[in-house]
Each structure stands twice: as structure tokens, then as C-alpha cells.
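Notes for the one structure printed next.
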Amino acid sequence: MSETNALKGAGRDRRAKGSGTADLDAIAKAHAIYTPLSLPFYDIAVHGLSNRFAWKCPTPKLVELYRRHLSRNHLEAAVGTGLFLDRAGRAFDRLVLLDINTNCLETAAGRLGRFSPECRRTNLLSPEPLDLRPFDSVGLTYVLHCLPGYMSEKLVAVDHLRPSMADGATLFGATILGRDIRPNAPARALLRAYNRRGVFNNLEDDLGALREGLESRFAHVEIAQHGLVALFSAS
Ligand SMILES: C[S@@+](CC[C@H](N)C(=O)[O-])C[C@H]1O[C@@H](n2cnc3c(N)ncnc32)[C@H](O)[C@@H]1O
């Protein structure tokens, strides 16, 4: 059995239950882990340890992506703790932080207070329009692998962000792949545990589906894979 197939049992039960359409329970499970107790450990667990030792994409690679694509008029979707905006060394005329989880919004807004960010609590999978003045850049990092459903369903999130992109704006970010990958032992253990808990829903996510979904929406798409992580930009 391939390494990827061995992981599949973790996601099979959940997938068997439904039609593949994201249900509210799955959406809630994907962000329930971000609490006031866990968030102080998020940066060290994810960006300090997992990126380097499990996902094999060291955090400086992601910071570099932010430095390349951030504009002064930026929307950060699924902001988490706001680490990338904090570390990128850029300034903003307008910064909006979006997340479904108020703990994340509060944490990131506090950390990024020097940019006077505006916060928006939103479910990226909800069809409700964002109704925001257009941005020149939109960040979407480490959330696609959390969202329930197949890649085609997850990319509904991008459809909700697109009306908030100005002409020529760039959408960029990263996601951890769960299929057609060669995970090491720590990565396998984390993928299995996170998918069992519904924190990740990425066992069907591969590079091809991401590329196809982005190329069907944008004229210019760049994707690079580092370890298990796909880094993308699209405009
Ligand atoms: C793994 S964290 C990534 C945080 C940050 N982008 C980073 O890379 O450190 C996933 C983030 O996505 C948010 N999130 C999960 N599901 C969401 C949804 N349906 N809509 C909006 N945000 C969501 C979580 O609350 C959390 O902030």
C-alpha cells in the first residue's frame, strides 16, 4: 500500500457520510482548535516545527512569498496568528483581516495593531458576498487544506474572494497537500491525526487539482511545490 493510501482511512468515514458538500459540522471542526489556550503555541508548533520537520517547507520560504506579493492594500484571508504579515517587513495603507474564528482575529489584530487592521469575521465557504472595496493583494495561506470537501469545493473560497480583487490584483498563498506526496513519519502521523479530528481535510488534495482550479479562474498562475506544500500565486 502506498504511503498516501495508508492515510486514507483517516478521512474515509467522514467522506462516506456526505455528498462532498461542506457541512456546518465539518466547517466548525476545521477551526475549533484555535482557542485562547492553543494559539500561543501555534507559531512554534506549525511555523517552528511542522513546516521544517514534517511539511519540509521552512517558514522563510513562505515569508519570502509574502514579501514578493504583498501590496499596500491587502486582504489576509484566514489570518491565524498573523505571523507572515508581522514578519514580512512591509507597510500597509489598508489591511483587512478575515477569519471565521474570533480568537484568531483578536490575536492577529493585536499583533498587527501597528497597521490599524480592520477585522471581518467570515466563513470563506459561505456564499454571502464580502462587499469590500477591492484589494491589490489577497493572502490565502494554510486554509485550503483545512476546508472540507474536494479541491473543487474548497476553491469556492477563492470565488468569494475574487470580487474583492482589483484588476491586476494577486491572490497568493500556500496549502499542504495530502495526495501524491511522500510524507516522512512525522508528516504521516500529523496528517492522520489532523484528518481524523477534522482539523485538516486534505487527503484528496493534490497539486493537479489545485493547478486546474486556479487556472480555470485566473489568467496567470504560478505554483511551486516545496516538500508537501504547494505555494501559489494567481492574477
Ligand atoms: C492553519 S490556520 C492558518 C493561519 C495562517 N494563515 C497561517 O498560515 O499561519 C487556518 C486558519 O483558517 C481559518 N479558517 C478555517 N476555516 C475557515 C473558514 N471556513 N473560513 C474562514 N477562515 C477559516 C482558521 O480559523 C485559521 O485561522
Side-chain angles (χ1 to χ4, degrees), residues 21-36 38-52 54-55 57-66 69-70 74-88 95-112 117 119-128 130 132 137-149 153-161 164 171-178 190-191 193-195 197-202 205 226 228-232:
T21 313
D23 63 65
L24 294 177
D25 184 46
I27 290 169
K29 276 186 184 157
H31 73 90
I33 195 170
Y34 308 107
T35 66
S38 70
L39 280 172
F41 303 101
Y42 176 86
D43 286 355
I44 183 75
V46 175
H47 297 305
L49 298 172
S50 302
N51 279 350
R52 183 170 296 277
W55 315 137
C57 179
T59 302
K61 279 246 165 275
L62 297 166
V63 175
E64 193 184 301
L65 182 80
Y66 272 73
H69 294 295
L70 275 174
H74 180 74
L75 170 66
E76 185 67 10
V79 66
T81 59
L83 175 137
F84 297 119
L85 303 178
D86 189 32
R87 291 212 186 151
L95 176 63
V96 177
L97 312 177
L98 180 157
D99 208 286
I100 197 171
N101 183 310
T102 47
N103 301 318
C104 294
L105 286 172
E106 280 166 18
T107 301
R111 181 180 201 169
L112 302 168
C119 290
R120 186 62 87 85
R121 182 170 184 235
T122 306
N123 171 11
L124 279 165
L125 294 179
S126 139
E128 225 169 275
L130 286 176
L132 288 165
S137 56
V138 176
L140 186 71
T141 296
Y142 277 13
V143 63
L144 290 176
H145 62 243
C146 300
L147 297 178
E153 295 161 332
K154 294 162 184 251
L155 289 175
V156 163
V158 170
D159 295 331
H160 293 155
L161 293 170
S164 304
L171 172 90
F172 66 93
T175 188
I176 299 166
L177 303 172
L190 287 178
L191 284 171
Y194 289 156
N195 276 280
R197 271 185 80 173
V199 178
F200 279 20
N201 291 279
N202 69 340
D205 293 3
H226 290 276
L228 274 59
V229 180
L231 283 72
F232 56 85

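Numbering of ligands and ligand atoms starts at 1, following listing order. Worth knowing before you read on, the calculation uses all heavy atoms, side chains too, and leaves out hydrogens, waters and symmetry mates. In what follows, residues are counted from 1 in the order of the sequence shown.
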Between Leu62 and ligand 1, which residue portion shows a heavy-atom distance shorter than 4.0 Å: side chain, backbone, both, or neither? neither
Within the distance-only criterion (no hydrogens, no angle test), does the side chain of Asn195 pair as donor or acceptor with the backbone N or O of Leu191 below 3.5 angstrom? yes
Would you say His47 has any N or O atom under 3.5 Å from an N or O of ligand 1, going by distance alone? yes
Would one find an N or O of Leu124, backbone or side chain, under 3.5 Å from an N or O of ligand 1? yes
Do any nitrogen or oxygen atoms of Asn101 come within less than 3.5 Å of a nitrogen or oxygen of ligand 1? no
I need the minimum non-hydrogen distance between Tyr34 and Cys104, along with the two atoms involved. CB-SG, 3.5 Å
Any N/O pair Thr141/ligand 1 closer than 3.5 Å: yes
Among Ala78, Gly80, Ala30, closest by heavy atom to atom 6 (N) of ligand 1 is Ala78
Any idea which of Tyr66, Tyr34, Tyr42, Phe200 brings a heavy atom closest to atom 7 (C) of ligand 1? Tyr42
Under 4.0 Å to a heavy atom of Phe84 - the qualifying atoms of ligand 1, by number: 7 (C), 8 (O)
With atoms numbered from 1 as shown, which atoms in ligand 1 lie under 4.0 angstrom from a non-hydrogen atom of Asn123? 18 (C), 19 (N), 20 (N)
Looking only at non-hydrogen atoms, which of Val79, Ile33, Val143, Leu98 approaches atom 14 (N) of ligand 1 most closely? Val143
Among all protein heavy atoms in this structure, tell me which lies nearest to atom 10 (C) of ligand 1, with the distance rounded to 0.1 Å. Tyr142 O, 3.5 Å
Closest approach of any protein heavy atom to atom 21 (C) of ligand 1, naming residue and atom: Thr122 O, 3.3 Å
Check whether any side-chain N or O of Thr122 sits under 3.5 Å from a backbone N or O of Leu124 as a donor-acceptor pair, and report yes or no. no
Heavy-atom check, side chain of Arg121 versus side chain of Thr102, under 4.5 Å: yes
Side chain to side chain donor-acceptor pair (under 3.5 Å) between Thr59 and Asn51, intermediate numbers included: CA-CA 6 Å; Thr59 302; Asn51 279 350; 3.0 Å; yes
Heavy-atom nearest neighbour of atom 27 (O) of ligand 1 within options Asp99, Thr102, Thr107: Asp99
Go through ligand 1 atom by atom and flag the ones less than 4.0 Å from a non-hydrogen atom of Cys104. 25 (O), 27 (O)
Between His69 and Ser137, is the side chain to side chain donor-acceptor pair (under 3.5 Å) condition met? List the steps. CA-CA 7 Å; His69 294 295; Ser137 56; over 6 Å; no
The protein heavy atom nearest to atom 17 (C) of ligand 1 is Ile100 CG2, 3.5 Å
Residue, atom name and distance, where the atom is the protein heavy atom closest to atom 15 (C) of ligand 1: His31 CB, 3.8 Å
Checking a contact table here: which protein heavy atom is nearest atom 16 (N) of ligand 1, and how many Å away? Leu147 CD2, 3.8 Å
Taking NZ, NE, NH1 and NH2 as the nitrogens, is one of them in Lys154 or Asp159 under 4.0 Å from a carboxylate oxygen of the other? no
Does the Ser38 side chain pair with the main chain of Ile33, one donor and one acceptor, at a distance under 3.5 Å? yes
Does Asp23 reach the main-chain N or O of Ala26 with its side chain, forming a donor-acceptor pair under 3.5 Å? yes
Would you find a donor on one side and an acceptor on the other, under 3.5 Å apart, between the side chain of Asn123 and the backbone of Ile100? no
How far apart are the closest heavy atoms of Asp99 and Gly80, and which atoms are they? OD2-N, 3.4 Å
